[in-house]
2 protein chains.
Amino acid sequence: MKRVTIKDLASELGLSPSTVSRALNGDRNIRPGTRQRVLEAAKARGYKPNLAATSMKTGRTYTVGVVVPEMVTGYTIEVIRGIQDVLYAKGIRVIVADSAEDPVREKENLLMMERFMVDGLVFSPSNYHENHETLERLIREGLPMVCFGRIPYGIDIPKVVVDDYSKSFFVVEKMILSGCRRICHFTGPDEVYNAVERAKGYCDAMAKYKLEAIEFPGGLGKEGGYAAVDRMMESGKAFDGIYAFNEAVAVGAMTRLRELGRRIPEEIAVAAFAGTDLSTVIYPQLTTVEPPMTEMGRTTAELLIEKIKDPSVESRTVVLNAEIKLRGSTEKK
Amino acid sequence: MKRVTIKDLASELGLSPSTVSRALNGDRNIRPGTRQRVLEAAKARGYKPNLAATSMKTGRTYTVGVVVPEMVTGYTIEVIRGIQDVLYAKGIRVIVADSAEDPVREKENLLMMERFMVDGLVFSPSNYHENHETLERLIREGLPMVCFGRIPYGIDIPKVVVDDYSKSFFVVEKMILSGCRRICHFTGPDEVYNAVERAKGYCDAMAKYKLEAIEFPGGLGKEGGYAAVDRMMESGKAFDGIYAFNEAVAVGAMTRLRELGRRIPEEIAVAAFAGTDLSTVIYPQLTTVEPPMTEMGRTTAELLIEKIKDPSVESRTVVLNAEIKLRGSTEKK
DNA sequence: CTTTTCATGAAAAACGTTTTTCAAAAATAG
DNA sequence: CTATTTTTGAAAAACGTTTTTCATGAAAAG
């Protein structure tokens with residue numbers, strides 16, 4: 001089942017391949033009648049351009065890469081869907097690779113995207129300082145790149161983020177206003193930009209109300225949250241609230257709290273940044289700060305397209321609004 | 001930052017491009033010393049083959065498409081990771097598109113993959129009878145294709161599945177043996193192959209113990225499970241067990257049961273097919289039948305590679321073993 | 001030595017486009 | 001009508017590979 005080429009169309013219509021190419025690409029140096037004939041024949045014969053040939057000629061591959069630190073939380077998936085929405089609509093192939101929170105794999109992924117000759121790259125680093133050389137080399141060599149969510153440190157690059165700091169501040173403040181006094185923070189890894197910002201927001205909110213800020217490392221996943229509860233207990237201090245780096249940590253914490261017979265939110269309230277569907281399927285439902293994931297993906301893709309079209313555009317940072325969703329884990333009835 | 005080509009290497013080494021190509025591709029008509037020199041120069045100059053040019057010549061794009069009915073459950077993501085594991089290791093680009101359970105989008109996705117000139121396609125249909133014409137055309141035109149999980153009806157194609165029927169049978173039997181007598185089934189959509197199989201397994205298990213099989217439509221998501229509980233209540237019959245088509249349906253059901261004050265598993269036990277991480281973060285933890293997702297993805301990818309290499313191989317069906325995980329939602333302490 | 005075989009590498013064609021250059025035809029101006 | 005401009009489309013080159021064909025020189029055989 002051989003694919004029909006531009007030459008086939010040309011000989012069928014008694015035209016030259018160049019004329020057919022012109023007609024197909026909307027070049028204006030062509031008689032409307034001729035264009036019409038070509039377009040009809042193309043449709044009739046089911047002509048589909050050979051992307052490889054087009055790539056060869058134009059130097060573009062019509063492919064972009066997406067490298068993300070993980071792919072298992074609903075969070076990232078939603079962002080990816082947003083990216084795909086925009087790019088697929090433009091006929092651009094999207095290749096996603098997941099670094100599994102491992103900088104070594106992340107580097108491999110970046111190099112793979114380079115081998116794949118992507119026209120541009122969406123990158124969300126596993127942490128903010130690893131793989132800088134690779135990153136800088138790629139940018140220096142002219143690969144258009146946009147970051148979202150987690151971002152690297154000290155690199156001038158377009159990015160799409162939410163305001164981790166102030167949203168953290170506000171959600172902690174809400175907890176305080178609803179009666180919590182001894183709130184601790186289960187932090188994310190130090191190497192994650194957002195973790196640092198969220199911790200700052202927490203500390204400043206506590207400071208505003210002259211409350212003591214206490215942190216326990218919570219990591220990225222539920223195991224971390226689970227363990228952090230134990231460390232919290234061992235500290236000997238009494239707490240009536242936990243603000244977790246993310247949803248998974250919060251869920252792990254809640255599991256442990258339940259095992260220990262603590263009632264949520266009566267004895268201890270729980271809130272977290274970055275909620276997905278998971279927040280509403282657990283009980284009690286989790287109070288969260290929810291970034292607009294799909295929109296984030298869409299915006300990221302648009303920024304990238306902009307950058308691919310004109311690599312000299314300055315690196316914009318788009319800050320999207322995250323919504324605070326108060327739910328059962330902090331709201332006593 | 002121009003990319004170095006085979007020609008650059010050739011002129012640098014005083015060889016012809018063809019010789020360089022030979023050396024790079026392990027052709028044996030070349031003196032070991034020459035090959036060595038070429039390989040070293042390639043490494044030194046950072047030569048990376050232009051994939052578009054290679055495609056052009058070989059007719060392969062080194063790209064495969066993956067079309068899945070949804071991408072939000074951990075289920076599909078894990079399978080995708082398995083697929084990526086295998087294909088990325090072989091330098092093949094993986095392009096994933098999500099049909100959002102919509103046959104119209106699904107068709108668009110299939111056509112998009114065709115435009116993208118994928119070398120092969122992994123396909124998991126949203127339901128078993130839509131888009132048959134497109135599917136059959138693609139296969140007829142020689143596109144290598146493998147299905148996993150959900151499968152289309154009446155099409156001879158390699159596939160990777162688990163034994164929905166017997167696993168359903170066994171898990172329902174376990175519920176019966178642990179004391180349940182009045183188990184109902186929250187079914188998946190009739191158009192999904194697996195839903196039909198799972199329902200059969202349920203019915204046959206009930207029949208074996210001379211128990212009445214009663215079904216309520218549960219759909220694909222938690223909303224369906226939530227609503228099904230209400231329909232179950234309205235039926236006026238008393239139930240002490242729910243076997244749900246999938247995890248999301250079970251979770252929806254459990255949410256509603258909790259609202260109604262029913263204790264799980266004491267008053268009513270719950271189990272479901274296809275568990276992810278979600279099963280263990282809810283309370284009580286959910287008894288599930290867990291297909292080996294990543295392995296499923298890996299096997300699917302291997303079958304596809306086989307089919308791409310030799311399109312004439314017969315269509316194998318690989319049945320993987322799913323594990324029954326008994327957890328708190330059925331096990332009374 | 002000559003002839004035959006073999007190893008090695010050069011030359012050139014090809015893949016399907018896009019794009020530049022150019023020539024012919026048509027339209028306009030004088 | 002001729003001269004000039006504009007429109008239209010053909011021809012050919014190019015993108016970076018792979019692959020086929022061919023020529024050369026060296027080694028082996030006679």
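In what follows, chains are A, B, ... by sequence order, proteins preceding strands, each numbered from 1. Note that the structure is predicted; figures quoted are calculated from it, not measured.
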Q. Roughly, in whole Å, what's the span from CZ in B:R31 to C1' in D:dG25?
A. 11 Å
Q: Please tell me which of the listed nucleotides, D:dT18, D:dG16, C:dG9, lies nearest to the side chain of B:S21?
A: D:dT18
Q) B:K57 side chain: which of D:dG9, C:dC15, C:dT8 is closest? A) C:dC15
Q. Within the pair A:N29 and D:dG9, is there a side-chain N or O less than 4.0 Å away from OP1 or OP2?
A. no
Q: To the nearest Å, give me how far apart CE (A:M56) and C1' (D:dT18) are.
A: 12 Å
(Q) Heavy atoms from C-beta onward define the side chain here; which of D:dT17, D:dG9, D:dT21 lies closest to that of B:N50? (A) D:dT17
Q. Separation of A:N25 atom CG from D:dG9 atom P, in whole Å?
A. 15 Å
Q.
From CG of A:L51 over to P of C:dC15, roughly how many Å is that when rounded to an integer?
A. 19 Å
Q. Would you call A:L39 and A:L24 a side-chain contact if the rule is heavy atoms closer than 4.5 Å?
A. yes
Q. How would you label the contact of B:G14 with the nucleic acid (heavy atoms, under 4.0 Å): base, sugar-phosphate, or nothing?
A. sugar-phosphate
Q: Please report, rounded to the nearest Å, how far the C1' atom of C:dT18 is from the OH atom of A:Y62.
A: 10 Å
**Q.** Contact nearer the 5' end of DNA chain C, comparing A:D27 with A:I6
**A.** A:I6
Q. Are the charged groups of A:R81 and B:D98 less than 4.0 angstrom apart, N to O?
A. yes
Q. In whole angstroms, how far is the C1' atom of C:dA10 from the CG atom of B:L9?
A. 17 Å
(Q) Rounded to whole Å, how long is the line connecting atom CZ of A:R45 with atom P of C:dG16? (A) 14 Å
Q: Would you tell me whether B:S126 and B:E101 have side-chain atoms, one donor and one acceptor, within less than 3.5 Å of each other?
A: no
Q: Answer yes or no: is there a side-chain heavy-atom contact under 4.5 Å between B:L135 and B:F123?
A: yes
Q. If you find the nucleotide of DNA chain C closest to B:I30 and the one closest to A:R22, which residue's nucleotide is nearer the 5' end?
A. B:I30
(Q) I want to verify a distance call: between C:dG16, C:dT18, C:dA10, whose nearest atom is closest to the A:T54 side chain? (A) C:dT18
Q. Where the side chain of A:S16 is concerned, which of C:dG16, C:dG9, D:dA10 is the nearest nucleotide?
A. D:dA10
Q: Just call it for B:S55: base, sugar-phosphate, or nothing, with non-hydrogen atoms closer than 4.0 Å on any strand.
A: nothing
Q) Is the phosphate of D:dT17, meaning OP1 or OP2, less than 4.0 Å from a side-chain N or O of B:Y47? A) yes
Q: Find out whether B:M113 and B:M145 are in side-chain contact, i.e. whether some heavy atom of one side chain is under 4.5 Å from a heavy atom of the other.
A: no
Q: Mark yes or no for a side-chain to base donor-acceptor pair under 3.5 Å between B:S18 and C:dA11, with no hydrogen or angle criteria applied.
A: yes
Q: Take atom NZ of A:K7 and atom P of D:dA13, then tell me their distance rounded to the nearest Å.
A: 14 Å
